[in-house]
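These figures come from a predicted structure and were not determined experimentally. FYI, side chains are in, hydrogens and waters are out, and symmetry mates aren't considered; it's all heavy atoms of this structure.
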Amino acid sequence: MRWRIGCLLSLSLVVGFCVGLCIKFIYESKTFKPYYWDRPPIIANCYGDDFSELQMTRAIHFWTMRGHHIGFYEHNPPDSICKSRDMIHGFIVLRKAGRFEFDGHTLANTRRRTSGLIIKSVEIRYRPGSHNLDLINEHELGHAFGYAHVEIEGHVMHPIFDRMGPKFWIP
């Protein structure tokens, strides 16, 4: 009798967890901006010296003109930030991806750590050299600010680089 109750409780826990993941997935797939920062993040360039400070400054300007705030941008952050393998609370960390980290079409990837709907930290990984492509930094910072992809030609959040453009509006 006792083992049946234990099995039912375990099954309920697993089912509840799966239902919660499904609800979160559906919410994220239907919402253009499901997440937000509770304070302005700090952007740290851990990619390296060949990352264009001008390109990132332009991308930051793109988002500040649309009401987003950055704590500051650190082009040469301390080693303690760049050598950390953990995501750092309050930071957007820019990194170079490993040689075989992406498939043939992926130029960059943004990973968010969240608590509820609040973004706690972000890591953006770039395929070597892709960080200097027009609008790639604007696009990835868009993900870092909580935006999802949209299938609108010319929109900065379009998932296909060749169809991306400088336009931004909330669909």
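Remark: the backbone N or O of Pro77 is not paired with any side-chain donor or acceptor of Asn45 at under 3.5 angstrom. For the pair Thr64 (side chain) and Ile60 (backbone), a donor-acceptor distance under 3.5 Å is present.
The shortest distance between side-chain heavy atoms of Leu133 and Tyr126 does not fall below 4.5 Å.
Taking CH2 from Trp63 and CE from Met65, the interatomic distance works out to 13.0 Å, rounded to the nearest 0.5 Å. A distance of 6.0 Å separates CG of Leu141 from CD1 of Ile70, quoted to the nearest 0.5 Å. Atom CD1 of Ile92 and atom NE2 of His143 lie 12.5 Å apart (nearest 0.5 Å). In this structure, His131 NE2 and Asn137 CG are separated by 8.0 Å, a value rounded to the nearest 0.5 Å. Rounding to the nearest 0.5 Å gives a distance of 12.0 Å between OH of Tyr35 and CD1 of Ile118. Expressed to the nearest 0.5 Å, how far CD1 of Ile88 lies from CD1 of Ile42 amounts to 9.5 Å.
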Contacts under 3.5 angstrom, residues 48-56 side chains, donor-acceptor by atom type, not counting sequence neighbours:
residue : atom : partner : partner atom : Å
Ser52   : OG   : Leu54   : N            : 3.4
Ser52   : OG   : Gln55   : N            : 3.0
Gln55   : OE1  : Arg58   : NH2          : 3.1
Gln55   : NE2  : Asn132  : O            : 2.8

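By the ring-ring contact (aromatic ring centres under 6.0 Å, His included) test, His158 pairs with no residue at all, sequence neighbours left out. Here Phe62 pairs with nothing under the ring-ring contact (aromatic ring centres under 6.0 Å, His included) rule; sequence neighbours left out. Among residues two or more places apart in sequence or in another chain, the side-chain contact (heavy atoms from CB on, under 4.5 Å) test is passed with Ser121 by Met87, Arg113.
Trp37 and Ile81 are assigned to two separate hydrophobic clusters, defined by single-linkage of ILVMFWY side chains at heavy-atom distances under 4.5 Å. With hydrophobic clusters built from ILVMFWY side chains whose heavy atoms lie under 4.5 angstrom apart, Leu94 does not share a cluster with Phe72. Tracing side-chain contacts under 4.5 Å through hydrophobic residues (I, L, V, M, F, W, Y), one never reaches Met157 starting from Ile160; they form parts of separate clusters.
Contact detail for Ile124 and Ala144: the closest heavy-atom pair is CD1-CB, 4.4 Å. Across all their heavy atoms, His69 and Phe145 have their closest contact at O-CE2, 4.0 Å. Scanning all heavy atoms of the two residues, the minimum distance from Ser130 to Leu107 falls at OG-O, 2.8 Å. Heavy-atom minimum distance, Asp134 versus Phe161: O-CE1, 3.2 Å. The shortest non-hydrogen separation linking Trp169 to His155 is O-NE2, 2.8 Å. Between Pro128 and Tyr47, the shortest heavy-atom distance links the atoms CA-OH, 3.2 Å.
Within the structure, ring-ring contact (aromatic ring centres under 6.0 Å, His included) contacts touching residues 75-116 (residues at least two apart or in different chains) are Tyr73-His75. Identified under the disulfide bond (SG atoms under 2.5 Å apart) test for residues 51-81, with sequence neighbours left out: none.
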